Amino acid sequence: MMRNSTGLLRSTVAVASTSFARPAMRATARPAAASFMGAGRVMKRNYHEKVIDHYENPRNVGNLPKGDFDVGTGLVGAPACGDVMKLQIRVGEDGVISEVKFKTFGCGSAIASSSYMTERVKGMTLEQAGAVKNTEIAKELCLPPVKLHCSLLAEDAIKSAIKDYQTKRAKRTAPATPPPSASATAQTAVHA
């Protein structure tokens, strides 16, 4: 047992089981902002098992090469809570998303929303993936109303990644305009 700064005892087992990369989150864990005092009692809001599963076992974490012509990157954030989400898609020649990766700095609900989104859109066309709504994510993960912004970030991230991919593709397929030659520039200056 150890004493914390307030003199209360706390178990070393709980300290040893906590990851430095990401704090452990269990069904009895609660977000810091989820408890409140009301009429002399403390109420706790638990995470749903689906959120815990995606948080503890996130799917498709990582990066894709940002410079690849077939990769679109979406980077979005929520100033109110500080969550930041990067979602990347690789699109095949047939317009189908073949690979999805994400990195999220945020709460368990934000990480779970990102992880779920990567699973959801893999194998979809860009149009289908762009139609995935935050309400679908929130419903699947059983997010409480106070965490809906996390699912909205995931929706914004996929839309941003699709837009980035489409911008890259348009630049790649646009006909190149030759730079004006020196003689053409000189003739324009003489006639002006």
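We number each residue from 1, following the sequence as shown. On a predicted model such as this, the values are computed, not experimentally measured, just so you know.
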Quick check against the 3.5 Å criterion: does [X] have a side-chain atom that pairs as donor or acceptor with the backbone of [Y]?
| X | Y | result |
| --- | --- | --- |
| Asp83 | Ala78 | no |
| Lys50 | Glu140 | yes |
| Lys168 | Val71 | yes |
| Thr125 | Gly95 | no |
| Asp68 | Asp70 | no |
| Thr118 | Lys101 | no |

With rounding to the nearest 0.5 Å, note down the distance linking [atom1] in [X] to [atom2] in [Y].
| X | Y | atom1 | atom2 | result |
| --- | --- | --- | --- | --- |
| Asn60 | Ile89 | CG | CD1 | 13.0 Å |
| Glu119 | Phe102 | CD | CZ | 9.5 Å |
| Leu153 | Met117 | CG | CE | 10.5 Å |
| Glu99 | Ile97 | CD | CD1 | 11.5 Å |

Identify which one of Thr104, Leu75, Ile111 satisfies the side-chain contact (heavy atoms from CB on, under 4.5 Å) criterion when paired with Met85.
Thr104
Closest contact, heavy atoms only, [X] versus [Y]:
| X | Y | result |
| --- | --- | --- |
| Gly62 | Lys103 | O-CG, 3.7 Å |
| Ile158 | Ala129 | CG2-O, 4.0 Å |
| Val76 | Ser160 | CG1-CB, 4.3 Å |
| His54 | Ser115 | ND1-OG, 2.7 Å |
| Leu143 | Ser109 | CD2-OG, 3.7 Å |
| Lys159 | Glu155 | NZ-OE2, 2.8 Å |

Taking the side chain as everything from C-beta on, heavy atoms only, tell me whether Tyr116 gets closer than 4.5 Å to Ser151.
no
Could you check if a side-chain atom of Lys147 sits within less than 4.5 angstrom of a side-chain atom of Cys142, using non-hydrogen atoms only?
no
Trace of the side chain to side chain contact (heavy atoms under 4.5 Å, CB included) decision for Leu141 with Ser113
CA-CA 8 Å; Leu141 296 175; Ser113 294; 3.9 Å; yes
So with a 6.0 Å cut-off around [atom1] of [X], is the heavy-atom count from everything else above 12?
| X | atom1 | result |
| --- | --- | --- |
| Lys139 | NZ | no |
| Lys133 | NZ | yes |
| Arg169 | CZ | no |

Could you please spell out the steps behind the salt bridge (Lys or Arg N to Asp or Glu O under 4.0 Å) verdict for Asp156 and Lys163?
CA-CA 10 Å; Asp156 291 346; Lys163 183 177 180 180; over 6 Å; no
Between Glu136 and Arg120, does the salt bridge (Lys or Arg N to Asp or Glu O under 4.0 Å) criterion hold? Intermediate values first, please.
CA-CA 10 Å; Glu136 177 188 336; Arg120 181 75 179 94; 2.2 Å; yes
List the steps and the verdict of side chain to side chain contact (heavy atoms under 4.5 Å, CB included) for Lys86 and Thr73.
CA-CA 7 Å; Lys86 180 175 83 170; Thr73 302; 4.0 Å; yes
Go through it in stages, so that I can follow the logic: the residues are Cys150 and Cys107, the test is side chain to side chain contact (heavy atoms under 4.5 Å, CB included), and I'd like the CA-CA distance, side-chain angles, deciding distance and then a yes or no.
CA-CA 9 Å; Cys150 298; Cys107 67; 3.6 Å; yes
Look at the side-chain heavy atoms of Ile, Leu, Val, Met, Phe, Trp and Tyr, link any pair under 4.5 Å apart, and say whether Val132 and Leu148 land in one connected group.
no
Path from Leu152 to Ile162 over hydrophobic side-chain contacts below 4.5 Å:
no
